[in-house]
**Student:** 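Have a look at this one before I ask anything.
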2 protein chains.
Amino acid sequence: MAARAGVSRATASRVLRGESNVSDHAKEQVEAAAHDLGYVPDLAARSLVTGRTGSVAFLVDETEERMFADPFFLGMLRSAHQVLADNSIQLVFTVANSPEDHRRFVSYAAGGHVDGVLLLSLHSRDELPLQLEQLGVPTVLSGRPLHGSDGLSFIDADNVGGGRLATEYLIGLGRHHVATIAGPQDMCAGQDRLAGYRAALEAAGTAYDPSLVTEDEFTQAGGFDAMTRLMRARPEIDAVFAASDLLAIGAVRAIRAAGRSVPADVAVVGFDDIADARVQEPPLTTIRQPIGELGAGMAQLLLDRMAGAAPAAGRVLPVELVVRHTA
Amino acid sequence: MAARAGVSRATASRVLRGESNVSDHAKEQVEAAAHDLGYVPDLAARSLVTGRTGSVAFLVDETEERMFADPFFLGMLRSAHQVLADNSIQLVFTVANSPEDHRRFVSYAAGGHVDGVLLLSLHSRDELPLQLEQLGVPTVLSGRPLHGSDGLSFIDADNVGGGRLATEYLIGLGRHHVATIAGPQDMCAGQDRLAGYRAALEAAGTAYDPSLVTEDEFTQAGGFDAMTRLMRARPEIDAVFAASDLLAIGAVRAIRAAGRSVPADVAVVGFDDIADARVQEPPLTTIRQPIGELGAGMAQLLLDRMAGAAPAAGRVLPVELVVRHTA
DNA sequence: AGAGTCCGTGAGAGCGCTCTCACAGATGAA
DNA sequence: TTCATCTGTGAGAGCGCTCTCACGGACTCT
């Protein structure tokens, strides 16, 4: 290839990498030769010497089932992919939900096959992000890490603010028995949204009542079950803040299945504003979190890290109340 | 690392790759040393010599918007990913919907960063799969390629059979004006489902009537518009076969918006059996294609190709009619 | 005992790039 | 003219592995 162009391999390499200090003549020769030969540089060889691969991993710590059932993850995947593609970075899609999977992933990343990691839905005090950073693999989390931020980069929505907003709105409606269906408490989003609920109650001078609180996983079935439990325990409930739209949709079904109406008997506010929330019957009142910006911001944060930026603290994006018909 | 274990690099390499002709002693030494040092082999260096990378591309020839709005693609992504993960192969997720994107992708694949390609939603007579095969990159298509199968591997559902099944069912219901909303005719699925519709009509001795046929893209909005056109042109229509569930859902809305009822006035049959079809109001009668098997089969076909199998002809999986409430 | 076989191991050549360094020739300053 | 500077280029080392080949030692077979 270099021979065909009549230049050295060094010069050919310079042209192919777009360096500027090459004569126009040499440049043309190389480009013509590359075109004739259908020559494409070998990425593995390049990686070996540069130490970079041009790809990052998108790692979801959930089952495939959950990942694909949740519009939140899909939205993050979509927007992160877009930002990465604009920067000519490939996205390697990975799901890892067992300690064994995590170990394998660490080896993979440490082996140098990705330049960085986008980590979603981290549970509890998982060591994964710290391990990755120690191995020199820049990592950005979606959701504030539970064990203090430890110098990790993350992006998150204002979950506490959102939980508070939703609850205050329900109280403002004149409801007196405001319950909540909390998400898993081993996740930051679950904890924070519940904290927001408590904060709103306290601000309103209402005592926190554990029997108005139940916890379930972020699924429709979880919402149905949780609401059923809640109504059985405290029939006088007249409002509920569900910590995700999927939970809220399940809750609405449970309320109706119990012969009561939404929002007349029980008002419901969800969280996320997934696409389904709008077309739901009735359309869901919810807290909108900017999923597109979250994904894009996450990717951008990683890109900055890969370009050498220090592990910045996290970014927290604002949420807003979207009033539709369930509250 | 080899020094630490007191063996040669060759032996260390043998252990790390899991070769069997190594003494137990040497094996233990190497494993202990690797563990102590947190040593992980560099994948780029390995790729350079083996010529393989352990990853394949999942390429969708659609806009991001379309890709993420369509449960079919998501289902394929999910099941393909699962099979690949089981074989320790990473999936590189890519969207490419312009000639420019295609060119870039060819360079990427030719550069040797993936061992194979899963190609979805190919339009018209695109050269992409042939180019890839010529460059020595095994490629498997979802959907029969339009220009004869050219020695390409593909997997597909029985679209002709499904279109025929749907249409025969509508005719069997006693409907006399069976229309169809066809998908894009530059795609194999669009063409084949329409061909099935024609075949059923002919088998029943009914003449094919172009004014009962309209074409639109595989989206809900497309279905709404198409059905509106159809009813305006031929108000006597009493049944419609929509070439996808998204189209069918849009069609049902259009029919109701026109003040007519489903299925009493107009019966509707869709195609795909996406998750939404079941929870739709009313639940959709549709042709189920086995999305999970399609994605898994596609991945398996590619794995076989990568293991050296010849570009087998395609596999066509059967579909079935699922009767619910719209027909 | 000698020849043949097998098994585990090490030496060493590359894989295809990038990147540093040195150098020739052109240019500019003194 | 002489020396310093700059610009484009080539030579060559080396990235961290795998894989072939050759070899010593233990074993079996006649």
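Within every chain, numbering begins at 1; the chains are lettered A, B, ... in the order of the sequence lines, protein sequences first and strands thereafter.
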**Student:** Using side-chain heavy atoms (C-beta onward) and a distance below 4.5 Å, is A:Thr94 in contact with A:Phe105?
**Tutor:**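 Counting from C-beta outward, A:Thr94 and A:Phe105 do come under 4.5 Å.
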**Student:** Going by the angle between their ring planes, with limits at 30° and 60°, are A:Tyr108 and A:His113 parallel, tilted or perpendicular?
**Tutor:**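 A:Tyr108 vs A:His113 ring planes: tilted.
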**Student:** Base, sugar-phosphate, or nothing: which does B:Ala44 touch, judged by heavy atoms less than 4.0 Å apart?
**Tutor:**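 Since no nucleic acid heavy atom lies under 4.0 Å of B:Ala44, the category is nothing.
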**Student:** Examine the side chains of A:Asp304 and A:Gln300 and answer whether a donor and an acceptor come within less than 3.5 Å of each other.
**Tutor:**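 Distance-only check passes for A:Asp304 and A:Gln300.
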**Student:** Between B:Ser13 and B:Arg17, is there a side-chain donor-acceptor contact under 3.5 Å, judged purely by atom types and distance?
**Tutor:**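 Result is yes, a qualifying pair exists.
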**Student:** Please state how far atom NE2 in B:His25 lies from atom C1' in C:dC7, giving the value in whole angstrom units.
**Tutor:**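 Those two atoms, NE2 and C1', are 16 Å apart.
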**Student:** If you fit an axis to the five pairs at each end of the helix from C:dA1-D:dT30 to C:dA30-D:dT1, how big is the angle between those two axes, to 10 degrees?
**Tutor:**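 Taking the rotation axis at each end, their angle is 30°.
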**Student:** Does the pair B:Arg315/B:Asp156 count as a salt bridge with the N-to-O cut at 4.0 Å?
**Tutor:**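 No, this pair does not count.
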**Student:** Between B:Ser121 and B:Asp61, do the side chains contain a donor N or O and an acceptor N or O under 3.5 Å apart?
**Tutor:**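 Looking only at side-chain atoms, B:Ser121 and B:Asp61 do not form any donor-acceptor pair under 3.5 Å.
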**Student:** Quick one: closest heavy-atom pair of A:Val140 and A:Phe154, and the distance?
**Tutor:**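 In terms of heavy atoms, the two residues are closest at CG1-CA, 4.3 Å.
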**Student:** Using a cut-off of 4.0 Å between protein heavy atoms and nucleotide atoms, how would you tag nucleotides 14-26 of chain C 5' to 3' with B, S and -?
**Tutor:** -BBBBB-------
**Student:** Strictly below 4.0 Å: does B:Thr11 bring a side-chain N or O up to OP1 or OP2 of C:dT9?
**Tutor:**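 No.
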**Student:** Main chain of A:Gln185, side chain of A:Gln191: is a donor-acceptor contact present, judged purely on distance under 3.5 Å?
**Tutor:**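 Such a contact is found between A:Gln191 side chain and A:Gln185 backbone.
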**Student:** Please produce a list of atom pairs where a protein N or O lies less than 3.5 Å from an N or O of nucleotides 24-26 of chain D.
**Tutor:**
none

**Student:** Evaluate the criterion salt bridge (charged side-chain N to carboxylate O under 4.0 Å, His left out) for residue pair A:Asp101 and A:Arg104; output intermediate values, then yes/no.
**Tutor:** CA-CA 5 Å; A:Asp101 285 350; A:Arg104 258 211 302 273; 3.2 Å; yes
**Student:** Would you kindly say whether A:Thr63 and A:Asn97 are connected by a side-chain donor-acceptor distance under 3.5 Å?
**Tutor:**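 A:Asn97 and A:Thr63 do not have a side-chain donor-acceptor pair below 3.5 Å.
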